[in-house]
Amino acid sequence: MRTEESKTASTILYSILIFLTFIKVEARNYKQVCSSSSCGEINNISYPFRLRGDPSGCGDPDYELSCVNNKTILEIFPGKYYVKNISYEDQVLRLVDVNFANANRSCSLPSGSVENTDGFVQDFRFKGVLDSLGSRFRFVKCSRNISSLQEAANHTTIPCLTRNGSYVYAVYDGEYSYYNPQPSCSVVSLAPVDLLHDINYKFPSYEAVMELLEAGFFVGWSLECRDCSLAGKSCVVKSWDKPLTYICERENKELTRSQGNLIIAGIVVGGLIALLVIIGILVFFVRKYRTRRNASSSTEKN
Ligand SMILES: *[C@@H]1O[C@H](CO)[C@@H](O)[C@H](O)[C@H]1NC(C)=O
Ligand SMILES: *[C@@H]1O[C@H](CO)[C@@H](O)[C@H](O)[C@H]1NC(C)=O
Ligand SMILES: *[C@@H]1O[C@H](CO)[C@@H](O)[C@H](O)[C@H]1NC(C)=O
Ligand SMILES: *[C@@H]1O[C@H](CO)[C@@H](O)[C@H](O)[C@H]1NC(C)=O
Ligand SMILES: *[C@@H]1O[C@H](CO)[C@@H](O)[C@H](O)[C@H]1NC(C)=O
Ligand SMILES: *[C@@H]1O[C@H](CO)[C@@H](O)[C@H](O)[C@H]1NC(C)=O
Ligand SMILES: *[C@@H]1O[C@H](CO)[C@@H](O)[C@H](O)[C@H]1NC(C)=O
């Protein structure tokens, strides 16, 4: 009777186990079942990327692209970029801001800001602007015409954005240098471009600026880095050679006050417990010693 019961139990357990393994295998196979999607010239959209409208479970929702008029679009908060190429081997995308794309020389500022003012990619799904390490145009808006200033020689006027009382310039920045805008000017946007080795590009013409922006830039992606960021750690680029490698580091966060108090409370409570234990042990031994002495003295008396 007992063995019968345990047999039944183990059979049920086995079934559950097999069922679970099956589900796992199914889930893993599902990824491979998805065929790659295609949009215009990008005919190889596959994991981790997915095209909006693909069956759920195909690709990673964090890496969703959309297809508009046969153009593949990536939205990196809050900008819109045409995807010109996907290299799965190197884990890089070639992007062109829709505002600077060919047929759309509408003359505008970048559609968003891929990088923050320190030049780091702002989106946790993407890290590292390749081949354009520290290479970008800063768009600055000034309240006065600074074109004639000697210090503003590297400021290229963007005529169509410049109005009386508001002057917009593009400044090429080839290094990760701290950019101190002219008085009366402030940085309004940043657009990465490929690293230029030609020193003349420090003072490019408006046409040259537009051509560079139209050519676009590379951005790297990494699921490991995404997961790292989601886990509250910081992900930094370890090697800029393609494919980029990253290290995930625990962020050196300062303890909050309540966390500090909690630790102190823990130490205090732990110390008290340890003290009580030590006292307990002492009392125990002292008592044992006394009873032994009492016992021996009573035998002496006898
Ligand atoms: C498409 O991408 C896969 C990797 O995701 C790669 O193995 C394959 O060679 C690519 N095909 C083309 C035509 O680029
Ligand atoms: C997109 O491309 C397909 C085939 O390449 C073509 O049939 C279709 O008309 C195109 N659509 C648009 C909106 O250009
Ligand atoms: C993407 O880049 C690879 C290598 O740089 C190149 O071989 C391929 O032709 C490019 N694909 C497109 C659609 O531009
Ligand atoms: C031009 O830019 C606007 C605004 O960014 C965008 O909505 C539109 O799709 C672009 N058009 C083309 C042809 O790229
Ligand atoms: C700014 O000044 C420069 C030189 O002084 C001049 O050529 C240019 O037309 C001025 N720009 C505007 C928008 O007034
Ligand atoms: C632009 O030129 C000024 C003066 O020549 C210089 O101080 C500044 O660093 C330059 N800015 C950039 C981004 O190269
Ligand atoms: C620019 O604005 C100033 C005052 O705001 C005015 O005196 C000047 O005539 C304006 N110039 C043009 C070209 O509109």
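Numbering of ligands and ligand atoms starts at 1, following listing order.
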Review point. Is Glu249 salt-bridged to Lys233, going by a charged N under 4.0 Å from an acidic O?
Key: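 The answer is no: the pair does not qualify as a salt bridge.
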Distance from [atom] to nearest protein heavy atom, with residue and atom:
atom: atom 11 (N) of ligand 2; value: Asn70 ND2, 3.0 Å
atom: atom 12 (C) of ligand 5; value: Asn145 ND2, 3.4 Å
atom: atom 5 (O) of ligand 5; value: Ser148 CB, 3.8 Å

Kindly state if [atom] has a protein heavy atom within a strict 4.0 Å cut-off, that is, under 4.0 Å?
atom: atom 14 (O) of ligand 5; answer: yes
atom: atom 9 (O) of ligand 2; answer: no
atom: atom 2 (O) of ligand 5; answer: yes

Pair [X]-[Y], side-chain donor/acceptor within less than 3.5 Å:
X: Glu89; Y: Ser87; answer: no
X: Tyr172; Y: Thr156; answer: no
X: Ser147; Y: Tyr169; answer: yes
X: Asn99; Y: Ser111; answer: no

Exercise for review: Could you list the atoms of ligand 5 found under 4.0 angstrom from a heavy atom of Thr162?
Suggested key: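 Under 4.0 Å from Thr162, ligand 5 has these atoms: 13 (C).
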Point to revise | Cys235 and Cys248 SG atoms under 2.5 angstrom apart | key: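 The sulfur gammas are not closer than 2.5 Å, so no.
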